[in-house]
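Only one structure is covered here, and it is reproduced in the block below.
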Amino acid sequence: MDFDLTDEQRMLADSIGRLVTDSYGDFEQRKAYRADPRGWSPANWSGYAEMGLLGLPFAEEDGGFGGGPVETMLVFEAFGRGLVVEPYLATVVLGGGLLKRAGTAAQRATLIPEIAGGGLTLAFAHQERQARHDLHDVATTARPDGTGWRLDGAKGVVLHGDTAGRLIVSARTAGARRDREGISLFLLDPATHGVTRRGYATQDGLRAAEVVLDGVLLPADALLGPEGGALPLIEWVVDEAQAAICAEALGAMEVLRDLTVDYLKQRTQFGQAIGNFQALQHRAADMLVATEQARSMAMYAAMMVQESDASARRVALSAAKALVARLADQLGKDAVQLHGGIAMTEEYKAGHYFKRLAILAGLFGDMDHHLRVVVAAGGLPEAA
Amino acid sequence: MDFDLTDEQRMLADSIGRLVTDSYGDFEQRKAYRADPRGWSPANWSGYAEMGLLGLPFAEEDGGFGGGPVETMLVFEAFGRGLVVEPYLATVVLGGGLLKRAGTAAQRATLIPEIAGGGLTLAFAHQERQARHDLHDVATTARPDGTGWRLDGAKGVVLHGDTAGRLIVSARTAGARRDREGISLFLLDPATHGVTRRGYATQDGLRAAEVVLDGVLLPADALLGPEGGALPLIEWVVDEAQAAICAEALGAMEVLRDLTVDYLKQRTQFGQAIGNFQALQHRAADMLVATEQARSMAMYAAMMVQESDASARRVALSAAKALVARLADQLGKDAVQLHGGIAMTEEYKAGHYFKRLAILAGLFGDMDHHLRVVVAAGGLPEAA
Amino acid sequence: MDLRYTPDEIAFRDDLRKFFRSEIPLPIRRKVSEGRALAREDYVTSQRILHARGLATPNWPVAWGGQDWTPVQRYIYVEELQAAAVPQPLGFNVNMVGPVIATFGSEAQKQRFLPATANLDIWWAQGFSEPGAGSDLASLKTTAKRDGDDFILNGQKTWTTLGQYADWIFCLVRTDATVRKQQGISFILADMKTPGISVRPIITIDGGHEVNEVFFDDVRVPAENLVGELNKGWDYAKFLLSNERIGIARIGMTKERLARVKRLAQETPAGEGMVWDDPDFRRRLAWSEIELKALEITQMRVVAAQRSKASDKPDPSSSILKIKGSEIQQQSTQLLMDVAGPYAMPRPDREEEGLNLPSVGPDWADAAAPLFFNYRKVSIYGGSNEIQRNIIAKAFLGL
Amino acid sequence: MDLRYTPDEIAFRDDLRKFFRSEIPLPIRRKVSEGRALAREDYVTSQRILHARGLATPNWPVAWGGQDWTPVQRYIYVEELQAAAVPQPLGFNVNMVGPVIATFGSEAQKQRFLPATANLDIWWAQGFSEPGAGSDLASLKTTAKRDGDDFILNGQKTWTTLGQYADWIFCLVRTDATVRKQQGISFILADMKTPGISVRPIITIDGGHEVNEVFFDDVRVPAENLVGELNKGWDYAKFLLSNERIGIARIGMTKERLARVKRLAQETPAGEGMVWDDPDFRRRLAWSEIELKALEITQMRVVAAQRSKASDKPDPSSSILKIKGSEIQQQSTQLLMDVAGPYAMPRPDREEEGLNLPSVGPDWADAAAPLFFNYRKVSIYGGSNEIQRNIIAKAFLGL
């Protein structure tokens, strides 16, 4: 049993922390990044590349740094602290996670160095409107067409899909809409004829896109991974994304807790700092309890995402997500309430943390959904 | 729309309030009543008879006073305030409710004056161990035997079944264990051969019994109400009991709230009354909010129990019970917590209110059960 | 004791119900129902239709356009208005400055302001809150100094709701700094076009422009704009704030929203079926409905107590209605956001994208998250829920 | 970072697991599992079995029978002990007075008391709480006045857990009333048989006799029974109370209880099926399991921090473990009561009924409600959860 970081991990955490403080320490900077037509900062992206973050989870032989879930946790906790807007989850965790596991040697050799170098971003176009939180619910079809494929369908709320240089699209090569078998992945250039993207801002200040695929013709080698057998891989990568989200929520919760405590110390009312009022003190104390419980669950998620038994892994990640979502929701609401009106304003930071937490809580399945997964499994997996 | 009591109702409430204060105002009295072998006070019972409470809900032509659910609500709120231990729910609401609706003229003419006069108590032996909260789950059988009936089965947690002068027993005259049709009621003397009762104290200081029916032979006229068609009647009477329970819980909650507020004013710690601490003040405020919400739901229950549409009635009563159970549970726990150790002692009143509330919350179905009824119905019934 | 309305009350309710649904334009009511911001014209249109029928200011003195309704009728009016998603007549006009002028104003002030206020010819803003005051309203710092026939105002107000549309503002100002803070406050009216008044928008986290800061920089206001007596403003403010207990919990509105949430849940696909098939969702919705039912009866009890004139002693009902009402309103917006699911996320910038594009998700879904964000305010404003708990503990429990 | 134990730790765990389950009598462990009161002999039997293997006082100095374990080993020990439903070695002996005597006592005191304390030849009671003091422990009023070679004790202690079994009692007493309240307190030992000591049972709402009042009426105690220095008792009390952070949350015990709740729910009929088939029940159980998992990792982090010696600065972990640990323990007793359903109600008086009757409901069910009632204490004692929140707010958040 070991809860210490290695020296390398500690150095990584320090470096990312400094980088995020430099680029996001002044909240006005974030507004400027969002004002870029991309919705994020190419300069920051280059910075991440220089620090090696964009190649972090890829194997060294593919041009990466061989980082694991703990490293990803450290990155996302820092990103959560800064409310970072760059497409790291979309590119490195989701897109990169699929690519590194399903890509052929040729695909990996071409694309991973490009990603690690900052020249290429990815997005994972999977979510469909009817599916809600069910990863196996895919109506988009990929039919054999000559030697290649023809894709038809629509994907929604594709994180950073508007600016991605490549899309990884899930489509059904066999089976019915809700079958677990028959789902395949395709790697495609969004400039391909028949692909329409409509990008938009999201409620938390990031970006996403609707993607329509209308008779998109792809060559045979656009297939990424096993034909019809992509679901376990998708589930694994989405679990990795959940672990990252737990860590990101933790970082955001900690900042929001500290903002709130500072505000309670500074704000005076009825002739004294409102932090003197015991009812507010106790809610601040509950915020500390919540962040510590969230930290434990983010660590649990990072450790359990490596679990070889897929069903145990899925249940553990759902447990982590359910609790982090509940804690993030309560802490976000309490932070706004304890601040009062100021947290309702666009100018002040706190409301943005609250909004990001509200969106993170629902990303890839909300609390109810993930609790149901745990309930259906009869409870948490037994420890090894 | 009218939320006023009539003058008669107000007078009734005042009289019961005085009676309960006289007989239960000193908590030591209650201990003495419980020490009686019956577990309750025959003297109090006579007092209720003298005041007309024991004939309250019966029709005047049957020897009663024609009171309705509002009168019952007033009685039970007062009983809740006193933590009254007498078998009023068992005798008047449950037994009496069945008797007045299902009894023949002869049965009513014989028994109701006896009940109203205080000479006879009843108990409703319905609950079975496998049924839990499902009123239609009856395994006890009643088979034709000569001109009469033969009953076999076991009934559990029969409220005040140990001292009742007559039992009303549900048994299946047709159908399978969980059929809605085929349930009948029988009126019997517990001294009948084949009836075994095992009485015991309950966790809240009242009494109940296990009743075993082993080849109990009854005459034909022991049948109470329509053969095989008793379920709607049972549901109605249990709904009336739920309305009474909501009112009783309200009364107990109000006393427990006031006890807690008084304690906060008197108890000093760290050199001041603990009622000066804002975190405790806010929880006391929440106790006031809870009692007001519970009062509204007790009134809702009293009004909706008269609803002619049985399914609307059942959903409304489940809604009332679910919320009152939730509020009672939270208030009871908070009251103990705010008191601290003293509320953990058998000597002091508060813990007894807490325990009674905990038991009332689960009586005839717990919060989860009743919420499920509301959910299954798609929500609350529309107002007329 | 009877939950049901009398036949007269039913007739009254049905009349209002019909009027609201047939006369107030549907596009306006749809905006209210979806929780979208209304344009100035929407408020004006709606209020003038109501006023033409005597339905804009029922709580005013009959002489000034009020209705001599029973408490139950007033209750029915508010509930039906909200249930039909009719914009409430502008509160600053009809519940706040109107009653104050009608009660404490001079005859000249009544003649000048009341008819225009009722018809929304004058749009009023409320100048109470100040930065740094928050829940401690009486610590306000904006000053009014007498100078000949004028007062000169200096200071800053904030959280001025819809102040961007205002023609006039009613303000609490400090006219005596030497006495206890509540005793040196006056109630004064100012034309928003007066030189020295400037308005700065506050954009809220939902992206909306609903509130403002209002700055007073040597603003010269005629002394005749003082309402009532000098230094009695705190009394008028208390009168005004206690004026309208009915409606504080917004029960009719929440009922309407919960019914809409239910309808949308039944129409929104989720995996094998619809969101409605999810028992956890329905359980949470059922709790909101049940709690709302209890609160509705609590409110009816307050109404009944008003009728039976037993309401002279202070009671904690406003605080209870505020606490539970705000909690259930917030639950309702949470449920709506949950129905939207992933499509609560898009926040397309219509300006940038082009206004003719269809909505990204279901056409109601983009309003869900902003409404959820926006509604955090309801447990903060008008005396935060913490302040309400203080009031209950101190004033009613004696702690 | 790794959740898993090392092979050595696994071997250590497996040894303990086997020992606990094979050597501690099953009837005793079953009582613990069902949450029933233990007899004095149960504690003694169990502790002597443990002590014979060096497992009763692992946290003591090795010279006095302790084990030189790593923090992870100590953690495993506590978890396995609880998971096997082994009675904890008597806390008053092994976590409280034992370490105080070992650290601050005289050599004579060590010789006299430590072996007997470890083997439960002496049963100790704790004389800290007083009526009227509650969470403000330092305001205690029991006095010890020097008189020749003795101290004379007068006053009253309360909430003295299992005091009815005690041979000796360790007390905090006031030896100087002229200084700040924390500075005039001493730590003294008294034989319960000393004239002037009387014990009155406190029956709790679960019907149990677990706590007592202890009265001191001119009780003459030899001065050699003073531990450490005069007027330093508060320091020893703080040492004692901070002594054992691991185990405060009782995670192993709650895990065992939740597993049992799950098993019973799978066996208890409810309508068509079993209680286990009720999704609402399972949802609540799942939340408890999940929260417990998070708390378990929080506790492991505390253990890890102890190992890495980074734990010298104060941290809020004890308060967090206390708050969440007590909440989840209470949830577990609520769940058990819910499984019992209607059969949580019977409370047969075995004395009156005759002890040979079978249980009224399922044989475990009559213990469910008393346990639920009894466990309200866990958020009250040892510094109520309100006090814990004060500590977090003041000491760690600087509020």
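Proteins get letters first, then strands, A, B, ... in listed order; numbering begins at 1 in each.
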Report task. Determine whether the aromatic ring centres of Y88(B) and F76(B) lie less than 6.0 Å apart. Result -> yes
**Report entry** is_close_aromatic(Y77(C), W69(C)), centroid dist under 6.0 Å
**Finding:** yes
**Report entry** Member of D2(B), T6(B), L5(B) meeting the side chain to side chain contact (heavy atoms under 4.5 Å, CB included) criterion with M1(C)
**Finding:** L5(B)
**Report entry** Reference residue E79(C); test side chain to side chain contact (heavy atoms under 4.5 Å, CB included); the match among R17(C), E256(C), Q299(C), R13(C)
**Finding:** Q299(C)
So which of [options] has the biggest tally of heavy-atom pairs under 4.5 Å with chain C?
options	value
D286(B), N276(B), V70(B)	D286(B)
M287(B), R283(B), E292(B)	E292(B)
Q293(B), M297(B), Q281(B)	Q293(B)

**Report entry** M367(B) versus A325(B), closest heavy-atom pair with distance
**Finding:** CB-CB, 4.1 Å
Query raised in the report: Which residues from residues 261-271 of chain B are near chain C, with near meaning under 4.5 Å between non-hydrogen atoms?
Result: V261(B), L264(B), K265(B)
Query raised in the report: Using non-hydrogen atoms and a limit below 4.5 Å, what part of residues 247-257 of chain B faces chain C?
Result: none
In terms of heavy-atom proximity below 4.5 Å to chain C, should [X] be classed as side chain, backbone, both, or neither?
X	answer
Q306(B)	neither
M304(B)	side chain
L380(B)	both

Query - Which of I392(C), L3(C), I320(C), T298(C) touches chain B most, by non-hydrogen pairs under 4.5 Å - result: L3(C)
Just list the side-chain donor-acceptor pairs under 3.5 Å for residues 369-377 of chain B, sequence neighbours left out, or say none.
{"unit_1": "H370(B)", "atom_1": "ND1", "unit_2": "S318(B)", "atom_2": "OG", "d": "2.9"}
{"unit_1": "H370(B)", "atom_1": "NE2", "unit_2": "Q242(B)", "atom_2": "NE2", "d": "3.1"}
{"unit_1": "H370(B)", "atom_1": "NE2", "unit_2": "F364(B)", "atom_2": "O", "d": "2.8"}
{"unit_1": "H370(B)", "atom_1": "NE2", "unit_2": "G365(B)", "atom_2": "O", "d": "3.3"}
{"unit_1": "R372(B)", "atom_1": "NH1", "unit_2": "D278(D)", "atom_2": "OD1", "d": "2.8"}
{"unit_1": "R372(B)", "atom_1": "NH1", "unit_2": "D278(D)", "atom_2": "OD2", "d": "3.1"}
{"unit_1": "R372(B)", "atom_1": "NH1", "unit_2": "D280(D)", "atom_2": "OD2", "d": "3.0"}

Query raised in the report: Quick one: does R250(C)'s side chain have a donor or acceptor within less than 3.5 Å of a partner on Q329(C)'s backbone?
Result: no
Requested in this report: Look at the side chain of K322(C) and the backbone N and O of S384(C), then say whether any donor-acceptor pair between them is shorter than 3.5 Å.
Outcome: no
**Report entry** Atom NZ of K181(C): over 12 foreign heavy atoms under 6.0 Å
**Finding:** yes
Query raised in the report: Going by atom types alone, do S379(C) and E327(C) pair a side-chain donor with an acceptor below 3.5 Å?
Result: no
Query raised in the report: N390(C) and Q278(B): side-chain donor and acceptor closer than 3.5 Å?
Result: yes
Query raised in the report: Pick one: which of K293(C), E296(C), R301(C) meets side chain to side chain donor-acceptor pair (under 3.5 Å) with S296(B)?
Result: R301(C)
Query - Which portion of Q388(C) sits near chain B, non-hydrogen atoms under 4.5 angstrom - result: neither
Query - Residue pairs involving residues 65-80 of chain B (criterion salt bridge (Lys or Arg N to Asp or Glu O under 4.0 Å); sequence neighbours excluded) - result: E77(B)-R295(B)
